[in-house]
Protein chains: 2
Amino acid sequence: MARRSQTETAVLGALSMHPMTAYALREAIRDVLGHFWSESFGQIYPTLGALEQQGHVERREGPRSGSSTFAITDSGTARLRELLSEPIAATPPRSGLLLRLFFGRTLGVRKCRELLLEARADAERSLAEYDRLARTISAEEAGSPDLPYVLTTISAGRHNAEAAITWADEALALLEDVPGDDPPANGPPANGE
Amino acid sequence: MARRSQTETAVLGALSMHPMTAYALREAIRDVLGHFWSESFGQIYPTLGALEQQGHVERREGPRSGSSTFAITDSGTARLRELLSEPIAATPPRSGLLLRLFFGRTLGVRKCRELLLEARADAERSLAEYDRLARTISAEEAGSPDLPYVLTTISAGRHNAEAAITWADEALALLEDVPGDDPPANGPPANGE
DNA sequence: TATGACATGTAAAAAGTTACATGATTTC
DNA sequence: GAAATCATGTAACTTTTTACATGTCATA
């Protein structure tokens with residue numbers, strides 16, 4: 001699955017739930033899909049244009065003069081089904097946190113602890129945000145056939161956040177026992193930055 | 001933190017553990033950092049070259065004629081410490097699995113179940129791999145000051161994999177109750193929207 | 001002496017991000 | 001009537017991936 005077609009998936013998918021303007025699409029992708037997917041806005045308009053040309057979406061009159069609402073067409077739904085059925089392209093992992101911890105000897109125990117505390121706090125915040133989101137969406141979309149699927153993805157986020165908290169606590173405990181070097185050696189230890 | 005400097009971090013970090021050839025560096029980045037970080041190999045040689053010019057790494061005679069072993073210098077260690085201290089650049093999430101599940105109504109319950117079973121199996125495999133890795137590294141690096149940090153990152157992988165398994169089971173149970181539509185062939189699912 | 005692992009690199013293409021440019025409409 | 005938000009788009013830039021080109025050494 002070429003990368004480009006993943007933008008297509010996100011756009012068609014969002015439109016499969018409600019017709020909306022390109023602007024609303026941006027926001028939906030940022031605020032709702034945002035928890036597990038990201039699209040750069042620079043790609044949305046070109047993709048929408050291409051989808052329109054292919055007849056997968058239809059441009060209708062928008063809420064304002066000069067604005068358009070886009071709706072998915074039957075062929076768009078078929079295309080979406082096709083895209084969703086393609087094998088999942090593995091996204092290479094990139095965790096800046098783990099990269100830093102891995103080289104913790106050089107970074108120093110103290111800073112590692114700080115990073116872990118931050119990560120823990122972030123995860124707590126995410127947890128609260130997922131709960132809020134689940135409540136909001138359950139209310140807004142009550143009875144919608146999309147609801148169980150949406151709740152499933154939110155639950156994935158919850159589980160990840162919970163795992164992050166457990167892990168951080170464990171790692172903090174483990175680092176207790178590590179000699180508190182705080183970078184020894186040569187270089188400027190407690191300075192710059 | 002510009003993207004480029006993250007490649008620098010990975011390269012300097014790996015060399016901070018052992019001096020090695022560029023080839024071994026590639027493998028270390030693929031096999032060890034690979035669980036939470038990825039670098040495209042096309043960047044490693046140019047980055048090494050730049051680091052050499054800046055005096056952060058030193059080229060020594062390698063194990064073969066024409067090959068070189070690279071070692072980190074004092075200024076390289078200082079630079080690494082600097083890079084590790086920079087704020088973590090948030091990497092935008094991109095989960096192909098969640099993107100598909102989110103639009104599960106269009107994809108169909110059956111295929112969603114298949115995806116979840118696959119994800120569960122993947123997580124089980126990861127779990128086994130993390131255990132193997134932890135054993136190998138504990139033996140190979142016994143007593144190394146890097147060991148606790150390395151084990152911490154492996155533990156993060158374990159926790160994630162465990163969370164994925166719990167979540168998948170939960171999601172599978174939840175999807176039991178969803179009307180088994182399995183998209184009415186090709187036509188629009190519930191309507192035209 | 002052929003195969004596979006070791007070893008070093010480059011160039012072109014694709015993808016993604018960012019910042020900008022522009023204007024309409026609502027709300028305070 | 002000023003500010004915030006809604007709305008649409010483009011261009012330049014950076015990053016990343018992929019595929020390729022080349023050669024050495026051990027070993028079976």
Side-chain angles (χ1 to χ4, degrees), chain A residues 1-11 14-15 18-31 33-34 37-53 57 59-71 83 89-96 99, chain B residues 1-11 14-15 18-31 33-34 37-53 57 59-71 83 89-96 99:
Chain A
M1 197 177 196
R3 289 286 159 70
R4 171 56 171 275
S5 59
Q6 305 228 37
T7 303
E8 238 180 271
T9 309
V11 168
L15 291 179
H18 308 287
M20 56 186 114
T21 65
Y23 186 83
L25 195 55
R26 271 163 80 140
E27 295 203 312
I29 288 176
R30 162 160 49 77
D31 300 338
L33 297 191
W37 194 259
S38 78
E39 256 341 306
S40 60
F41 299 152
Q43 315 248 99
I44 292 181
Y45 284 98
T47 299
L48 259 182
L51 286 172
E52 192 190 3
Q53 285 207 329
V57 304
R59 186 188 292 256
R60 300 179 184 165
E61 206 164 297
R64 291 180 182 189
S65 82
S67 76
S68 325
T69 292
F70 293 89
L83 287 168
T91 32
R94 287 213 137 183
S95 162
L99 186 67
Chain B
M1 195 176 198
R3 290 287 157 74
R4 172 58 169 276
S5 59
Q6 305 229 36
T7 303
E8 239 181 87
T9 309
V11 168
L15 292 178
H18 308 290
M20 57 185 112
T21 65
Y23 186 81
L25 195 56
R26 271 163 77 139
E27 294 203 313
I29 288 176
R30 164 160 48 75
D31 300 338
L33 296 192
W37 194 260
S38 77
E39 250 350 299
S40 59
F41 298 152
Q43 314 251 96
I44 292 182
Y45 285 98
T47 299
L48 259 181
L51 287 172
E52 193 190 3
Q53 284 206 329
V57 305
R59 186 188 294 257
R60 300 177 183 164
E61 207 166 294
R64 292 181 180 187
S65 82
S67 77
S68 324
T69 292
F70 292 89
L83 287 169
T91 33
R94 285 211 138 185
S95 163
L99 186 67

Just how far is it from atom [atom1] of [X] to atom [atom2] of [Y], taken to the nearest 0.5 Å?
X      : Y      : atom1 : atom2 : result
S67(B) : E61(B) : OG    : CD    : 8.5 Å
L15(B) : L51(B) : CG    : CG    : 8.0 Å
W37(A) : T9(A)  : CH2   : OG1   : 7.0 Å

Exercise. Does the side chain of F70(B) reach to within under 4.5 Å of the side chain of L48(B), using non-hydrogen atoms?
Worked result: yes
Would you kindly give the [atom1]-to-[atom2] distance between [X] and [N], to the nearest whole Å?
X      : N       : atom1 : atom2 : value
R94(A) : dT17(C) : CZ    : P     : 12 Å
F41(B) : dA7(C)  : CZ    : P     : 15 Å
Q43(B) : dA15(C) : CD    : P     : 16 Å
E61(A) : dA7(D)  : CD    : C1'   : 15 Å
E52(B) : dT8(C)  : CD    : P     : 12 Å
I44(B) : dT15(D) : CD1   : P     : 16 Å
D31(A) : dT5(D)  : CG    : P     : 13 Å
F70(B) : dC6(C)  : CZ    : P     : 18 Å

Problem set entry | Phosphate-side-chain proximity, Y45(A) and dT8(D), N/O vs OP1/OP2 below 4.0 Å | yes
Exercise. Below 4.0 angstrom from OP1 or OP2 of dC6(D), is there any side-chain N or O of Y23(A)?
Worked result: yes
Seminar exercise, completed: Its contact letters, B for base, S for sugar-phosphate only and - for none at protein heavy atoms under 4.0 Å, make nucleotides 19-24 of chain C read -----B
Seminar exercise, completed: Ranking dA7(D), dA7(C), dG16(C) by distance to the side chain of S67(A), first place goes to dA7(D)
Problem set entry | Options dA7(C), dT10(D), dT16(D), nucleotide nearest the side-chain atoms of S40(B) | dT16(D)
For this session: Could I get the full list of side chain to side chain donor-acceptor pair (under 3.5 Å) partners for S68(B), not counting sequence neighbours?
Result: R59(B)
For this session: Sequence neighbours left out, what passes salt bridge (Lys or Arg N to Asp or Glu O under 4.0 Å) with R64(A)? Give chain and number order.
Result: none
Exercise. To the nearest 10 degrees, what angle separates the axes at the start and end of the helix from dT1(C)-dA28(D) to dC28(C)-dG1(D), five pairs each?
Worked result: 30°
For this session: List in chain and number order the residues that pass side-chain contact (heavy atoms from CB on, under 4.5 Å) with A28(B), two or more places apart in sequence or in another chain; answer none if no residue qualifies.
Result: M20(B)
Problem set entry | Residues that S40(A) engages under side-chain contact (heavy atoms from CB on, under 4.5 Å), provided they are two or more places apart | Q43(A)
For this session: Scan side-chain atoms only and decide if T7(B) and E39(B) contain a donor-acceptor pair under the 3.5 Å cut-off.
Result: yes
